[in-house]
Structure formats: C-alpha cells, structure tokens
2 protein chains.
Amino acid sequence: MNGFYENKDYGSLSEKVYRFLRDGIAEGRYQTGDCLIEMKIAEELGVSRTPVREALKQLELEDLVSSHPNRGVVVKSFTSEDLQDVSTIRHLLEGQAAFWAAQRVTDEQLKELREVVELMEFYTAKNDIVHLVALDTRFHELIYEASGSRTIRHILASLHHNIRKARQSSLTLPDRAPNSLAEHLSIYQAIERRDAQTAKEQMEAHVAVAAGNRMSD
Amino acid sequence: MNGFYENKDYGSLSEKVYRFLRDGIAEGRYQTGDCLIEMKIAEELGVSRTPVREALKQLELEDLVSSHPNRGVVVKSFTSEDLQDVSTIRHLLEGQAAFWAAQRVTDEQLKELREVVELMEFYTAKNDIVHLVALDTRFHELIYEASGSRTIRHILASLHHNIRKARQSSLTLPDRAPNSLAEHLSIYQAIERRDAQTAKEQMEAHVAVAAGNRMSD
DNA sequence: GATTGTATATTTGTATACAAACGCTTGTAT
DNA sequence: ATACAAGCGTTTGTATACAAATATACAATC
C-alpha cells in the first residue's frame, strides 16, 4: 500500500492527508514541479476531495506548494540559497528563543531539559544516533516552549517542514554527536543560571555549526 | 450592510471571506474569545460553509484563531507580552532583511526605493500622515522584496496581521514623521552603497523606535 | 442532593453534485 | 501553412446533503 493507513489514527482525515503529503514532499516522493491533483490524491487515499483541499491549503500557507488559480498546485522548488536563508533565520530566532528561555523558564521546564540532556549523555556514550536525533528535536522544542513566545514557537515549527524538504539530500553526519552533546550542555547550563546572553550566544553557535554540516534539527 | 460585498471583487470567495474575517479581528469587530460559527458567518455573508471553512483554516494557521475540535473556533487573545515578542522578532528579521537587501538589491529595486523616499520627503513637508503611512508600508515591502528571501517575506507578511490585531488600541503618533524620514533615508543610503552592516543597524534602530511608540508598520 | 444515563440540539467533518474557469485540440478560413 | 475560434476535457471553486462528535438539559436512580 501507499502507507496512508499506517498513520496513527488519531486526528481528522484532513490531518492525516496533510501529514501524508507533507512527508511525501519532505521525503522526495513528490518532486519539485509535480502537480498535485485533488482528485488523484483523493482516489489514491480513498477519501473525498474535501480533506485533500484542506491539506493542500495548509501546505500552501506553509510555502511548500504554490496554488495557481484553477490550474492546480505544484510543489515549490527550494534553491540552495533558500536553504541558506532559512538557516540564517533559524539562527536568529533560536538565539532569541534561548535568550527568553533563560529569562522565563519554569522549574518544571528546567527539570525536563535536564532530563533530556542526561539522556543525551547516555545515548552519546552508546552512539545511538536514532535516539539522539529525537532528543535533539525534543531539546529544541522544550526551549521554544520555555521561551514563552507563542509567535516564535509558531514560526519555528513552520520552518521545520521547509528545512526537512530542503535537507532531503544532505545526510546526517554522525561524528558530531560528542560535540553536539557539549553544546547542548552549555546551553542548558546557561539557561539554568538564567544567563540569557550566554544562552543566546551558545545557541547561535550551536545552530551555526549544525547548519554547516546538517546534523541537528 | 456588513461591508462584505464592498470588497474588491477580484479573488475567490474564500479570499473575500478571509479578508472580511481578518479585518474584522484586526478592527475589533470580533473580540477575543468570540466564537466564530461557520453557519452563522456563511449566512451573514450569503455564501456556503465551504469558503468560510477555508478562511477559518487560514486564520488558524496564522495563529489568529484557535480551533477546538467540534466546538468551534475562537478568536485568540494577545497579551501585551505577545505584542512585545512580535516586535522583537520583527526587529531581528527586518534587520536581516535590510542586510540582505544591501547585498542583493537590483538597480530597478533601488530606483523604486529612491522614489518612495523622495515621495516621503514631499509628504513629510506637507505633514500628510495618510500618505506617509502607506509609503512606510511600501518601503518595508520593497526591502523584503529586495532581500530576495522568500521565507523572510513570508514570515513578515504573516506577522503583519498579528501586529494589526495587537495594535488595534494603540494609536498612531504623528509627531515622529520628520525623524522617521531621516531614518528611512539612512537605510536607503546604506543599501544604495551596498553597506549591509549599516543597513541592518539602521533598520534595527528604526524598528526599535517604531515599536516603542507604535508609528510605522 | 448528587451522580449518572439518555435524548436532543448544535456544530464540525466528510462526501458528492454541480458550476465556472482554463488549457488544449481540432477544424476552418484566409 | 498559419491564425483564430469554437468545443471539449480537465481541474478547481462552491453549494448542499449527510454523518459523526460533543455539549447540554433533563430525568431517573442511589
């Protein structure tokens, strides 16, 4: 099958279609320039056009596809310059998120962050890349959360998908894990002692390195 | 009437409904916490639920409303902290946009920018606030354009609506016009001589002041 | 009196039917 | 042969009908 029904079955059909298409674009199953026809997708997935339309609308607002009126939607292209720009923007925003997180983090959030870092130490020792990637994502999400800024969370979540697509061909480099751990630890420690400026600088350095060799998410 | 049919009649119905609701939220016609019921809006506007759904979906993705499953969508609240955060984020991104604009601007775009600044001089002398506000918006949009970054344009356009809503009660201060002109001129000059760092700094200063007393858009 | 179960109303989620717009092909006239 | 127009097929845009989910009100039972 096409994997559609293997999705978790929580969420509405629109949600499922959305995830199916979004992942399809990120994984390259839908290529740049491909035309996404509502009817075809609906038939393939065994649903009606309505949830497909909603999914396409969402993709359009996330800038992953562009809709030509009465002509269909096509998968947008991402130049390497686009990717570069997204990295820079993420650099700016992640730094600011860390800054705010240091100022606004709650004890509960700090505890969660600490746990993530400790797990990172554990899996780094075992060189377990799969878990480390998941923990990295979790670490960053916790910081967005701790920043207390709805807007920054919103923007970074939206950028996430662009990054995924842009990154489909550039592979993860595993060797960076130990360095990555040290960086995460520095960020955590700065936040723990409420040192906003340092937290920001450490995060900027971390994102800059990650952007350079495409490791963390 | 409710003003819906006074909209320009280009664009689809969904577009028109979207603009109607978005402006309604920005202008306070829909208050924080209000429930937006598809059927009611559809009846009020004399359209079916389908375009209303699309409009609500878009508003949700712009973070202006939140949708509770099977309960309806409600207009989100904006705390003063949210507004503060949006200003900071805008500060960062506008600075970066100016930086890139200085590096990437085309002669054609430079000419347009110059024309806008000259018009600003003209209307500042006449103290014509209405035209100045429009020109200010135009100036910033041209810089987004010149930055060549699709992503930054996308994010800033989206923030624009949040800012509009958050700002509904804080009025425009007219006295700043002469200072504002000088700031725009400095930014333009830095871009003209391709001085990216200065363009960025000037823009950041400009946005910071504007955020402080709510003048420019 | 409090709690729980059921019926009902409200609202969203999805499917389908129909209309309008656009591109493309084909046919005809010059 | 080429230019232009008419017709057809494809695809989106919109309306409507129906199904599913949830809250609410009310009654029954403990």
Side-chain angles (χ1 to χ4, degrees), chain A residues 1-2 4-22 24-25 30-76, chain B residues 1-2 4-22 24-25 30-76:
Chain A
M1 265 308 271
N2 50 28
F4 178 62
Y5 281 107
E6 295 163 19
N7 277 344
K8 318 280 181 302
D9 51 356
Y10 51 75
S12 60
L13 271 185
S14 323
E15 271 295 304
K16 286 200 246 180
V17 175
Y18 163 71
R19 284 202 292 265
F20 177 76
L21 292 176
R22 157 164 70 63
I25 292 174
Y30 296 107
Q31 300 276 338
T32 294
D34 279 1
C35 248
L36 301 180
I37 307 298
E38 292 178 7
M39 266 299 279
K40 283 188 189 166
I41 297 169
E43 278 175 9
E44 266 177 42
L45 269 47
V47 299
S48 81
R49 276 177 54 212
T50 311
V52 176
R53 278 183 73 78
E54 302 218 348
L56 288 175
K57 180 96 187 169
Q58 183 155 355
L59 292 172
E60 185 193 343
L61 293 177
E62 283 175 358
D63 215 26
L64 286 172
V65 305
S66 65
S67 153
H68 302 262
N70 288 318
R71 292 241 299 149
V73 314
V74 302
V75 180
K76 276 198 174 182
Chain B
M1 264 310 269
N2 51 27
F4 177 62
Y5 282 107
E6 295 162 18
N7 278 345
K8 317 282 181 300
D9 50 358
Y10 51 75
S12 62
L13 270 186
S14 323
E15 270 295 304
K16 286 201 247 182
V17 175
Y18 163 70
R19 284 203 291 266
F20 177 76
L21 292 176
R22 157 165 70 64
I25 291 173
Y30 297 106
Q31 300 277 338
T32 293
D34 279 0
C35 250
L36 301 180
I37 307 298
E38 292 179 6
M39 265 297 278
K40 284 187 190 168
I41 296 169
E43 279 176 8
E44 268 177 40
L45 269 45
V47 299
S48 82
R49 276 176 53 212
T50 311
V52 176
R53 279 182 73 78
E54 302 219 345
L56 287 175
K57 180 98 187 166
Q58 183 155 354
L59 292 172
E60 186 192 342
L61 293 177
E62 283 175 358
D63 213 25
L64 286 172
V65 305
S66 65
S67 152
H68 302 261
N70 286 318
R71 289 245 301 153
V73 313
V74 302
V75 180
K76 277 199 174 180

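From a predicted model like this one, the values you see are computed outputs, not experimental measurements. Each chain gets a letter, A, B and so on, in the order the sequences are listed, and its residues count up from 1.
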J.: For the pair made of NZ in B/Lys16 and P in D/dG13, what is the distance, rounded to whole Å?
T.: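 Atom NZ in B/Lys16 sits about 15 Å away from atom P in D/dG13.
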
J.: If only side-chain N and O atoms of B/Thr50 are considered, is one of them under 4.0 Å from the OP1 or OP2 phosphate oxygen of D/dT16?
T.: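 Result: no.
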
J.: Please state how far atom CZ in B/Arg53 lies from atom C1' in C/dT12, giving the value in whole angstrom units.
T.: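 After rounding, the reported distance stands at 6 Å.
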
J.: In whole Å, I'd like the distance from the CZ atom of B/Arg49 to the P atom of D/dA17.
T.: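 Whole-Å distance recorded here is 12 Å.
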
J.: Between D/dT12 atom P and B/Glu15 atom CD, what is the distance in whole Å?
T.: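 About 17 Å, once rounded to whole Å.
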
J.: When A/Arg49 is tested against each of A/Glu43, A/Glu38, A/Glu54 for side-chain contact (heavy atoms from CB on, under 4.5 Å), which residue passes?
T.: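 Testing each of A/Glu43, A/Glu38, A/Glu54 against A/Arg49, the sole residue satisfying side-chain contact (heavy atoms from CB on, under 4.5 Å) is A/Glu38.
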
J.: Nearest-nucleotide wise, let me know which of A/Glu54 and A/Arg71 is further upstream toward the 5' end of DNA chain C.
T.: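 First, find each residue's nearest nucleotide; the 5'-ward one identifies A/Glu54.
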
J.: How would you label the contact of A/Ser14 with the nucleic acid (heavy atoms, under 4.0 Å): base, sugar-phosphate, or nothing?
T.: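 Here A/Ser14 touches the backbone only, sparing every base.
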
J.: With rounding to the nearest 0.5 angstrom, report the CG to CG distance, A/Leu21 to A/Leu36.
T.: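 So the CG of A/Leu21 and the CG of A/Leu36 are separated by 6.5 Å.
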
J.: Write down the atom of B/Val17, the atom of B/Ala55, and the distance for their closest heavy-atom approach.
T.: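 Heavy atoms of B/Val17 and B/Ala55 come nearest at CG1-CB, 3.6 Å.
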
J.: Let me confirm one number: the NZ-CD distance from B/Lys76 to B/Glu60, rounded to the nearest 0.5 Å.
T.: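 It comes to 8.0 Å.
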
J.: Please list, by residue number, the residues of residues 33-43 of chain B whose heavy atoms come closer than 4.0 Å to an atom of DNA chain C; answer none if no residue qualifies.
T.: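 Output list: B/Leu36, B/Ile37, B/Glu38.
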
J.: Mind checking the CD-CZ spacing from B/Glu44 to B/Phe20? Nearest 0.5 Å is all I need.
T.: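 One finds 6.5 Å between CD of B/Glu44 and CZ of B/Phe20.
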
J.: Which nucleotide wins on minimum distance to the side chain of A/Pro51, given the candidates C/dT16, C/dA15, D/dT16?
T.: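 Comparing C/dT16, C/dA15, D/dT16 against the side chain of A/Pro51, the answer is C/dA15.
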
J.: Can you check the A/Lys57 NZ to C/dT14 C1' distance for me, whole Å?
T.: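 Answer to the nearest Å: 18 Å.
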
J.: To the nearest 0.5 angstrom, please state how far the CD atom of A/Gln58 sits from the CG atom of A/Leu64.
T.: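 It is 10.0 Å, given to the nearest 0.5 Å.
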
